[in-house]
Amino acid sequence: MNYVHLVILVAFLQYMWFGWEVGAMRGKHKVSAPATTGNPEFERMFRVHQNTLEQLVVFVPALMIFASYLDARWAAGIGAVFIVGRTIYRLNYLDNPKGRGLGFGLGFASVAVLVLGGIFGAVRAML
């Protein structure tokens with residue numbers, strides 16, 4: 001489970017970094033809190049941060065459940081793909097929001113595998 005815990009902590013660090021970038025964009029573009037609109041570059045970074053939070057809500061418990069019922073190393077590997085996907089999502093979304101598909105797809109597919117694997121493992125454990 002050490003690898004799983006490390007992946008979760010790296011995902012949290014990534015999320016914190018994205019939050020720091022939102023703050024930096026607020027300053028750069030003079031978008032005062034609580035505003036969430038104003039400059040397109042700020043808005044894109046804000047959406048990267050928010051979308052990452054939306055994904056983390058499912059990612060973290062799914063990762064833990066998958067690791068508990070199936071395999072912690074596989075869970076950590078799939079979790080690492082999620083983190084890479086979020087990084088690609090960020091890079092592409094900031095450049096051109098229409099280009100976010102690959103990063104989003106990697107992250108979403110990772111979470112889907114973790115959720116489905118967790119369900120499979122939980123059901124198998126009940127039988």
Side-chain angles (χ1 to χ4, degrees):
M1 290 294 287
N2 295 337
Y3 293 113
V4 170
H5 296 154
L6 183 60
V7 165
I8 291 170
L9 292 171
V10 170
F12 288 163
L13 282 175
Q14 181 183 55
Y15 176 72
M16 291 167 61
W17 176 257
F18 292 170
W20 184 86
E21 288 183 305
V22 170
M25 290 284 185
R26 278 190 186 282
K28 177 180 177 182
H29 297 294
K30 301 187 182 2
V31 179
S32 298
T36 58
T37 61
N39 177 278
E41 186 179 30
F42 163 76
E43 290 174 8
R44 289 191 300 269
M45 191 63 237
F46 182 80
R47 279 306 305 148
V48 166
H49 186 242
Q50 287 304 116
N51 187 265
T52 301
L53 176 61
E54 294 161 9
Q55 296 290 317
L56 283 172
V57 169
V58 180
F59 170 72
V60 173
L63 181 69
M64 293 298 293
I65 293 166
F66 184 105
S68 294
Y69 285 113
L70 295 178
D71 187 273
R73 288 188 186 203
W74 272 99
I78 296 165
V81 171
F82 172 83
I83 293 167
V84 170
R86 296 313 301 170
T87 300
I88 294 169
Y89 177 84
R90 179 211 168 272
L91 291 171
N92 290 341
Y93 198 91
L94 292 180
D95 183 50
N96 175 11
K98 292 180 181 177
R100 69 190 187 275
L102 174 63
F104 181 83
L106 284 172
F108 184 82
S110 300
V111 171
V113 167
L114 292 170
V115 167
L116 294 174
I119 290 169
F120 171 79
V123 169
R124 186 177 70 174
M126 291 188 301
L127 302 177

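Numbers for residues simply follow the sequence, beginning at 1. Computed from a prediction, not measured in an experiment: that's the story for all the values here.
Counting heavy atoms of neighbouring residues, nucleotides and ligands inside a 6.0 Å radius, atom OH of Tyr15 exceeds 12 of them. Applying the 6.0 Å contact sphere to CE of Met1 captures more than 12 heavy atoms from other residues, nucleotides or ligands. By the neighbour-count criterion of 12 heavy atoms within 6.0 Å, atom CG of Asn2 is sparsely surrounded, having that number or fewer from other residues, nucleotides or ligands.
The salt bridge (Lys or Arg N to Asp or Glu O under 4.0 Å) search around Glu41 returns Lys28, not counting sequence neighbours.
Under the 4.5 Å side-chain heavy-atom criterion for grouping Ile, Leu, Val, Met, Phe, Trp and Tyr, Leu56 is connected to Leu114 within one hydrophobic cluster. Residue Tyr93 is not grouped with residue Val81 when hydrophobic side chains (ILVMFWY) are merged at heavy-atom distances under 4.5 angstrom, including chains of intermediate members. In the hydrophobic cluster analysis, where Ile, Leu, Val, Met, Phe, Trp and Tyr join through side-chain heavy atoms closer than 4.5 angstrom, Val84 is grouped apart from Ile78. A continuous path of hydrophobic side-chain contacts links Val113 to Phe120 [ILVMFWY only; heavy atoms under 4.5 Å]. Residues Phe12 and Leu53 share a single hydrophobic cluster, defined by chaining ILVMFWY side chains whose heavy atoms lie under 4.5 Å apart.
Remark: Thr52 OG1 to Tyr89 OH distance equals 7.0 Å, nearest 0.5 Å. Put simply, CZ on Phe18 and CZ on Arg47 are 13.0 Å apart, with the number rounded to the nearest 0.5 Å. In this structure, Arg90 CZ and Met45 CE are separated by 5.5 Å, a value rounded to the nearest 0.5 Å. Atom OG1 of residue Thr87 and atom CG of residue Asn92 lie 11.0 Å apart, to the nearest 0.5 angstrom.
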Could you give the side-chain donor-acceptor pairs of residues 58-76 under 3.5 Å, partners two or more places apart or in another chain?
unit_1, atom_1, unit_2, atom_2, d
Ser68, OG, Met64, O, 2.9
Asp71, OD1, Arg73, N, 3.0
Asp71, OD1, Trp74, N, 2.8

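Taking all atoms of both residues into account, the shortest heavy-atom contact from Arg86 to Phe104 is NH1-CD1, 4.3 Å. When all heavy atoms are compared, the tightest approach of Arg44 to Leu94 is NE-O, 3.0 Å. The two residues Thr37 and Phe42 make their nearest non-hydrogen contact at N-CE2, 4.1 Å. Closest non-hydrogen pair, Gln14 versus Ile83, comes out as NE2-O, 3.1 Å.
When side chains are defined from C-beta on, Phe82 does not count as touching Val10, because their heavy atoms never get closer than 4.5 Å. A 4.5 Å side-chain heavy-atom check between Asn39 and Met25 finds every atom pair outside the cut-off.
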